[in-house]
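Structure first, then comments.
Below, chain A is the first sequence line, B the second, and so on; all start at residue 1.
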There are 2 protein chains.
Amino acid sequence: MELTCIDHSGVEPLYYQIQQQLFERIRLGELKAGDPLPSEQEISTRLGVSRMTARLAIKSLCEVGIVYSKQGKGSFVSGLKLEKNFRQVLSFSEEMAQSGRRPESRPLGFDIVPAEGEVALALSLKPQEKVIRLRRLRIADSVPLGIESSYIPEKLCPDLKATFDPRTSLYQTLSARYGIQIAIADEVVEAGLAKGEKARLLRIAKGSPVFIFTRISYVQQGQAVEYVKSTYRADRYKIVNRLVRVKHRFAVQEDAKSS
Amino acid sequence: MELTCIDHSGVEPLYYQIQQQLFERIRLGELKAGDPLPSEQEISTRLGVSRMTARLAIKSLCEVGIVYSKQGKGSFVSGLKLEKNFRQVLSFSEEMAQSGRRPESRPLGFDIVPAEGEVALALSLKPQEKVIRLRRLRIADSVPLGIESSYIPEKLCPDLKATFDPRTSLYQTLSARYGIQIAIADEVVEAGLAKGEKARLLRIAKGSPVFIFTRISYVQQGQAVEYVKSTYRADRYKIVNRLVRVKHRFAVQEDAKSS
DNA sequence: GAGTGGTCTAGACCACTTT
DNA sequence: AAGTGGTCTAGACCACTCG
């Protein structure tokens with residue numbers, strides 16, 4: 001395949017078409033790790049677009065880490081694998097689909113309660129404002145995997161309690177019915193030991209290792225829309241992260257502290 | 001503070017000066033969550049730069065998530081906290097500095113061994129190629145926190161074994177002495193139970209929960225330079241992640257699988 | 001209709017790398 | 001000197017949002 005066939009009709013942005021062509025060549029192995037991409041100049045003349053447009057295409061590939069550019073040298077395919085398993089904001093169903101497991105959810109509770117303590121704090125609610133609480137047992141390939149408790153401000157989705165089937169995808173419903181798209185989530189991960197009811201529900205021995213997640217999900221605007229506390233079996237679940245070295249430009253310096 | 005004082009002398013790029021001014025106004029709280037940024041047009045005319053330059057400044061703020069843009073509306077400060085504690089590629093010393101703890105390292109072993117099994121695989125080495133192995137007990141505020149085993153190809157830093165003081169920062173040495181800057185790392189996190197020698201070194205009871213990390217670090221070009229296996233006490237260590245919703249443009253589809 | 005960001009052009013000069 | 005990416009200009013048209 002070669003760089004050709006740019007559609008100027010305007011249905012797809014030019015830089016996006018170029019980006020996709022390059023991405024495809026990398027994905028197919030036609031461009032391998034370490035190989036140089038066509039230079040901005042070459043793309044520009046070959047496809048009859050301006051250099052800024054060619055540049056946009058390459059820059060967007062740099063942003064996802066599969067390409068890197070060096071001033072004076074060129075742009076090259078990086079050796080990083082295109083992993084599909086890195087930890088992202090995913091619904092349980094999406095996550096299971098990625099790892100090829102069959103998801104199932106068993107509702108353990110679904111009610112409306114006043115926000116209190118950490119829930120109110122996380123969701124920026126006044127105490128006593130109502131939240132929808134949804135407890136579910138998450139099951140993968142018929143084996144219990146985790147227990148999740150979600151809390152969502154009732155005011156964001158007033159009739160969710162009446163109309164939502166707790167065996168289906170919460171994220172999909174929030175998006176389709178209320179226009180709420182979760183964009184970012186902050187999570188704290190702890191490791192602990194299973195005990196009592198949790199061990200029983202997860203069908204593991206007391207004292208088995210578990211992950212404990214505390215997650216707050218946000219829409220792009222930064223408003224918190226969901227607080228989740230969950231416990232996952234460590235024998236059947238692991239976390240895969242891709243960590244990046246933060247750009248020094250945005251390094252947040254420690255606030256000066258006397259003493 | 002206002003948008004002023006652009007230095008056209010060329011020592012700092014214009015877009016970077018603008019980006020820093022905006023960042024500073026947000027950091028100081030002069031622009032708060034939800035507030036609109038000056039429009040691209042306004043920045044352009046007020047500072048006498050082209051619109052593309054103003055746009056570059058805003059886009060770079062979008063990339064780190066503290067600003068978001070909506071076509072037809074404008075660019076706004078997002079409500080996300082500027083967290084300095086999200087999991088990044090950090091050396092132990094850097095990580096401790098961030099959380100305000102005093103780091104210490106006690107060497108447990110420092111030798112050169114042939115790469116085998118998972119180490120060879122991770123670092124793309126032939127079996128029997130030499131790797132430098134460094135085992136260290138990591139200590140925070142005088143309390144044992146974790147045990148780390150690092151493996152680095154000897155060919156990348158031939159005389160490291162002879163000259164490196166294992167109580168100091170490995171990353172800093174790699175960068176300063178060999179020009180190796182780690183840019184990205186992939187890690188797998190598991191939860192398990194402490195036992196035997198590890199429990200003893202960490203001074204915790206057998207059966208206490210621990211995190212088990214397996215990390216491969218890469219330079220920007222994608223070459224693997226370090227394999228690390230470590231065990232951390234779960235009672236004194238937790239993980240803080242910021243997860244993002246992946247852009248559908250780069251979603252990697254499941255490879256078709258028969259059956 | 002006016003204002004916004006999204007895309008695009010056709011140039012330009014610069015810093016950096018390689019020959 | 002020639003080629004590369006990094007920055008920058010001064011325009012342009014478009015899609016979208018809001019009054």
Would you kindly give the [atom1]-to-[atom2] distance between [X] and [N], to the nearest whole Å?
| X | N | atom1 | atom2 | value |
| --- | --- | --- | --- | --- |
| Ile6(B) | dT9(D) | CD1 | C1' | 15 Å |
| Asp7(B) | dC8(D) | CG | P | 11 Å |
| Gln41(A) | dA10(C) | CD | C1' | 11 Å |
| Tyr15(B) | dG5(D) | OH | C1' | 12 Å |
| Tyr68(A) | dT4(D) | OH | C1' | 14 Å |
| Lys59(A) | dG6(D) | NZ | P | 9 Å |
| Glu40(A) | dG5(D) | CD | C1' | 5 Å |
| Ile18(A) | dC8(C) | CD1 | C1' | 11 Å |

Inset, instruction - Name all pairs fulfilling the ring pair (Phe, Tyr, Trp, His ring centres under 6.0 Å) condition that reach into residues 46-73 of chain B, sequence neighbours left out, sorted by first residue then second. - result: Tyr68(B)-Phe76(B)

Legend entry - Minimal non-hydrogen separation, Tyr227(B) against Ala122(B), with atom names: CD1-CB, 3.4 Å

Legend entry - Salt bridge present between Arg87(A) and Glu187(A) (N-O < 4.0 angstrom): yes

Inset, instruction - Decide, yes or no, whether a salt bridge links Lys130(A) with Glu154(A) under the criterion of side-chain N to carboxylate O below 4.0 Å. - result: no

Inset, instruction - Quick one, give me the B/S/- string for nucleotides 11-19 of chain C, reading 5' to 3', where B means a protein heavy atom under 4.0 Å from the base and S means that only happens at the primed atoms, P, OP1 or OP2. - result: -B--BBSS-

Inset, instruction - Would you indicate what Leu14(A) reaches in the nucleic acid, counting non-hydrogen atoms under 4.0 angstrom: base, sugar-phosphate, or nothing? - result: sugar-phosphate

